[in-house]
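Notes for the one structure printed next.
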Amino acid sequence: MRFPGFLSSAVTVILFVGCFMAVPEVVTAKHGGGVTRHYKFSIRMKNITRLCRSKSIVTVNGKFPGPRVVAREGDRLVVKVVNHVPNNISIHWHGIKQLRSGWADGPAYITQCPIQTGQSYVYNFTITGQRGTLFWHAHFSWMRATVYGPLIILPRRNESYPFIKPYKEVPILFGEWFNADTEAVINQSLQTGAGPNVSDAYTLNGLPGPLYNCSGKDTYKLKVKPGKTYLLRLINAALNDELFFSIANHSVTVVEADATYVKPFVTDTLVIAPGQTTNVLLKTKSPAPDAAFYMLARPYFTGMGTIDNTTVAGILKYENPKNLENAPLFKPSLPAINATNVVANFSNMFKSLATNKFPINVPQKVDKRFFFTVGLGTNPCPKNQTCQGPNGTKFAASMNNISFALPTTALLQSYFFSKNGVFTADFPDSPLHPFNYTGTPPNNTRVINGTTKVEVLPFNASVEVIMQDTSILGAESHPLHLHGYNFYVVGQGFGNFDPKNDPSKFNLVDPVERNTIGVPSGGWVAIRFQADNPGVWLMHCHFDVHLSWGLRMAWIVLDGKLPNQKLPPPPSDLPKC
C-alpha cells in the first residue's frame, strides 16, 4: 500500500516492532545515519460504539486509538496531516525536543495556527538523541480525547537496549471515554464556570473492559507465553486523570520514563500522570499458571471536584494447552484514590541511568531562577449571567496567578516576524503577592487574565524552576509538561518550598530526566534545564480542564550567535489564522 501523492519510486515498508506494526510508511531517503519516514494522517469522523452507545468521533485514519508511528533515533519524520472534519486541529509530538524545528511542535496558537477544515500541514522534524516511548496527540481544545497514538523510537540500528532484550514489545495506552461530545463538555464548562462533566469510562488501548456495563466484549487482552520477557510501553493519554496501574500477581521492572533510561527498579504498582510514558519489563511465569490476571487502572485524586472514580480492566492471559474456560481470574489491589504517599514514594524511585553511554547533563550552576505557583482560582461571573463555580464565580487556573490567554495568531510567528501587540515579555518570575501557599488560602482567589505574558530566556541559559502547588480551592497534583525540552527533576517535597534549606538536598548526580512531572499535591517540585533550543515553548498542566482554564505559560528562547543556534524560517505551508 502507498499513500496517494507519494512518488511511485519510493520504497514502501511496514515496520514491525515486537507484536505490533506501525501504519504503512514510505521511506524515501537515507540521511546522516538515519532515514526519512513519511506518514499521512487523514483527520476523519468515525462511528465508534462503547458502553453500548455509538457516536461519531474525530480520528486519524479512522483508527481509535490512532496509528502507531515508529522510527529510529536519528530518523527524520515527515507527517502530512489533512483535515477532513469541521473542527480545527493541530498535532503535537509529545516529548520530541524539536531541535530548531519549533514550527513542527504543534500546540495551536503557540507554534502554529490550527489546521482548518480542508487544509493540510506537513510536520517535518528529526529525532535527535532520543529513543524510547513517546506519543502524539491533538493540541487544540479537547480534541485529544480521541486523537492520540503511540510514537515509538527504536535505538539506532545495531544498538541495543541497556536491559535484557524483550521477547515482544507491547504498547498500552490509557485513555478516557465520554459518551457525550467532549467539545460540548468543555464548552459548557467554560460557559457556566463549573467543572466539566467527568468521563464515563477509562480505556486500555481504546477498550473499557468488563467492569463497565455492556463492555465484556470490549476488553483488551494481552496473551503471553510463559517464561518470556515483555516490554510494556505504557502511555497515559487520559485527558484529566493520573492513574494507578497494576497486574494481579505480577511485578514489573521500570526501565524508562518519558523516553529516557532510568536505573531499573521493581514494583507491583505504577503511577502514571497524563502526558507521561513508562516502559516496564514483565517477566511471565513458568510454567503457565492455570489462571488469568486482571490488569487494572483507576485514578489518583486529592482535589475537591468530581472525578471518574471507576476502574478499567484488561486481562493478562497465558498460552496454556489446558482448557481454562473456568480458570480463576485474579484481581490486583490498588491504592486508595488519595494515596499521596504512594505517589510520592513511587516518584522518588526514578533516577537517571547516568552511564558513560547514556550520560546526563544536569546544570550544576543556575543563570535564571524562577518560582511559579500552580493551582486553581476564580474569575468573576459576567453581568446578567448565573455562574456555577465557587460562590457563583467561574473556575480558573493559573501560574503565578496569571491565567494565560491564547492569542488569535501563533506566538512563534509573532515573535519570529517581530509583530507587536501579540504578547508582552513580563511574566512574573515569582508570585506577585506571596502567601502561605499550602496553608490557609487567601480570601481573594481571583486570577489575572486577558493578556499573553511570556518569559524570555537568553540562548544557553541554565534555568531552575520551582513549581509550588497551592491550597486555593483545594490542594491537588498538577502534571506539568514542557515543550521543546527535557528537564531534570532535582528535588521535590511537601509543604512550602524552603529556599534556604531545600536546595542543599537537590540531586545533581543522577536526577531523572523527563518532559512531564507531577507537582505534588500540597507540595513542590524543582526542575533544571539548559535553554539551548531557540523558539517559543509552551509549559502547561496536562490536565486538559486546567489547561482550558489557563494553567499555562510560554518561554521565548532567543537565538544563539552561531547559525546552528538560530531558528530557521517557517515552512511555506504553515497554517494561517
Would you find a donor on one side and an acceptor on the other, under 3.5 Å apart, between the side chain of Thr192 and the backbone of Gln188? yes

What's the separation between atom OG1 in Thr117 and atom CD1 in Ile89, rounded to the nearest 0.5 Å? 10.0 Å

Using 30° and 60° as the class limits, which term best fits the ring planes of Trp93 and Phe41: parallel, tilted or perpendicular? tilted

For His137, does its backbone N or O pair with a side-chain atom of His94 as donor and acceptor, under 3.5 Å? no

Roughly how far apart are Leu204 CG and Lys221 NZ, rounded to 0.5 Å? 13.5 Å

Take Tyr202 and Phe245 through the test ring pair (Phe, Tyr, Trp, His ring centres under 6.0 Å) and record every step on the way to the result. CA-CA 12 Å; Tyr202 298 105; Phe245 176 68; over 10 Å; no

Less than 6.0 Å separating the ring centroids of Phe543 and Phe301? no

Just by distance, do the side chain of Trp555 and the backbone of Leu482 share a donor-acceptor pair under 3.5 Å? no

Taking the six-membered ring for Trp, are the ring centroids of Phe529 and Trp537 within less than 6.0 Å of each other? no

If we count only N and O atoms by modelled type, under 3.5 Å, do the side chains of Glu513 and Thr260 hold a donor and an acceptor together? no

Side-chain (Thr311) to main-chain (Arg298) donor-acceptor, under 3.5 angstrom: no

Please determine whether side chain to side chain contact (heavy atoms under 4.5 Å, CB included) holds for the pair His542 and Arg144, giving the CA-CA distance in whole Å, both sets of side-chain angles, and the decisive distance to 0.1 Å. CA-CA 11 Å; His542 223 270; Arg144 78 175 181 91; 3.2 Å; yes

Do the ring centers of His540 and His483 come within less than 6.0 Å of each other? yes

Roughly how far, to the nearest 0.5 Å, is the CD atom of Gln112 from the CG atom of Asp105? 9.0 Å

Are any side-chain N or O atoms of Arg552 and backbone N or O atoms of Phe404, one a donor and one an acceptor, separated by less than 3.5 Å? yes

Between Trp177 and Asn179, is any side-chain donor less than 3.5 angstrom from a side-chain acceptor? yes

Apply side chain to side chain donor-acceptor pair (under 3.5 Å) to Asp308 and Ser199, showing your working. CA-CA 6 Å; Asp308 176 4; Ser199 56; 2.7 Å; yes

Keeping Thr59 on the side-chain end and Arg44 on the backbone end, is there a donor-acceptor pair under 3.5 Å? yes

Test item: side-chain donor near acceptor, Asn279 and Thr133, under 3.5 Å: yes

Hey, would you say the Tyr123 and Trp136 ring centroids sit under 6.0 Å apart? no

Can you check side chain to side chain contact (heavy atoms under 4.5 Å, CB included) on Arg156 and Arg72, steps first, answer last? CA-CA 6 Å; Arg156 294 180 184 272; Arg72 292 188 181 275; 5.8 Å; no

Plane angle bin for Phe140 and Tyr109 - parallel if under 30°, tilted between 30 and 60°, otherwise perpendicular: tilted

Flag yes if more than 12 heavy atoms outside Asn213 fall under 6.0 Å of its CG atom; otherwise flag no. no

Checking the side chain of Gln119 only, and the main-chain atoms of Gln116 only, is there a donor and an acceptor separated by less than 3.5 Å? yes

How long is the gap from CG on Asp75 to CZ on Arg37, to the nearest 0.5 Å? 4.5 Å

Other residues, nucleotides, ligands: >12 heavy atoms within 6.0 Å of Lys55 NZ: yes

Return the CD1 to NE2 distance between Ile110 and His139, rounded to the nearest 0.5 Å. 8.0 Å

Rounded to the nearest 0.5 Å, what's the gap from NE2 on His92 to NE2 on His481? Could you check? 3.5 Å

